[in-house]
S.K.: 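I have a structure here, written as structure tokens, and I will follow up with some questions on it.
Keep in mind that what you see is a predicted model, and the values were worked out from it rather than measured. The figures that follow rest on heavy atoms only: side chains count, while hydrogens, waters and symmetry mates do not.
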Amino acid sequence: MEKDASKITYLQPDRIDFYISICHQENHSWQGFIQRLDNGKTIHFRSELELIGLLNEAAVSTKNTSDEKLRNWMKE
């Protein structure tokens with residue numbers, strides 16, 4: 001049974017809600033689309049790895065302020 005996104009009545013400010021639709025499976029990987037419910041943006045993904053990357057990117061972008069800089073493996 002598919003959940004209707006219009007039935008969601010509230011969003012918590014400290015968390016991002018997503019609507020994920022798996023359209024089909026090909027080459028042992030999922031393909032589909034993900035929609036952020038806070039801003040309505042939708043993007044298609046071609047693999048689970050890409051899906052996880054999109055989820056991670058959304059989580060990091062909300063926690064990162066303009067004054068903070070994330071550490072990475074590259075020397076600056």
Side-chain angles (χ1 to χ4, degrees):
M1 184 193 248
E2 199 168 295
K3 198 175 185 183
D4 185 15
S6 64
K7 291 184 181 178
I8 296 174
T9 56
Y10 66 92
L11 297 174
Q12 294 178 355
D14 294 343
R15 134 185 143 182
I16 302 173
D17 293 321
F18 298 96
Y19 177 79
I20 300 172
S21 177
I22 309 297
C23 296
H24 58 279
Q25 179 182 350
E26 207 171 288
N27 299 324
H28 304 287
S29 189
W30 295 337
Q31 291 85 36
F33 67 89
I34 180 171
Q35 179 181 19
R36 285 182 61 164
L37 298 180
D38 60 339
N39 63 11
K41 290 185 180 180
T42 301
I43 190 166
H44 293 274
F45 60 89
R46 298 168 291 199
S47 67
E48 293 99 342
L49 185 59
E50 192 173 49
L51 172 62
I52 291 168
L54 291 167
L55 292 168
N56 187 44
E57 183 181 334
V60 170
S61 70
T62 59
K63 292 181 181 178
N64 188 21
T65 64
S66 60
D67 294 338
E68 292 180 15
K69 194 166 191 180
L70 295 175
R71 293 177 58 185
N72 59 22
W73 292 99
M74 304 297 292
K75 289 185 179 181
E76 296 180 14

S.K.: Is the shortest side-chain heavy-atom distance between Phe18 and Gln35 below 4.5 Å?
M.R.: no
S.K.: Using the rule that two of Ile, Leu, Val, Met, Phe, Trp, Tyr join whenever any of their side-chain heavy atoms come within less than 4.5 Å, decide whether Leu55 and Ile22 are in one cluster.
M.R.: yes
S.K.: NE2 of His24: more than 12 outside heavy atoms within 6.0 angstrom?
M.R.: yes
S.K.: Side-chain contact, heavy-atom cut-off 4.5 Å: Ile43 with Ile34?
M.R.: yes
S.K.: Could you state the interatomic distance from CH2 (Trp30) to OG (Ser21), rounded to the nearest 0.5 Å?
M.R.: 11.5 Å
S.K.: Can you establish whether the number of heavy atoms outside Ile20 located under 6.0 Å from its atom CD1 is more than 12?
M.R.: yes
S.K.: Work out which heavy atom in Glu48 is nearest to a heavy atom in Ser29; give both atom names and the distance.
M.R.: OE1-OG, 2.8 Å
S.K.: Ring-plane angle category for Phe33 and Tyr19, please: parallel below 30°, perpendicular beyond 60°, tilted otherwise.
M.R.: tilted
S.K.: Is a side-chain N or O of Gln31 found less than 3.5 angstrom from the main chain of Glu26, in a donor-acceptor match?
M.R.: yes
S.K.: Do Ile52 and Leu54 land in one hydrophobic cluster if side-chain heavy atoms of ILVMFWY residues count as linked below 4.5 Å?
M.R.: no
S.K.: What closest approach, in Å, do Arg46 and Glu50 show between heavy atoms, and which atom pair accounts for it?
M.R.: N-OE1, 2.5 Å
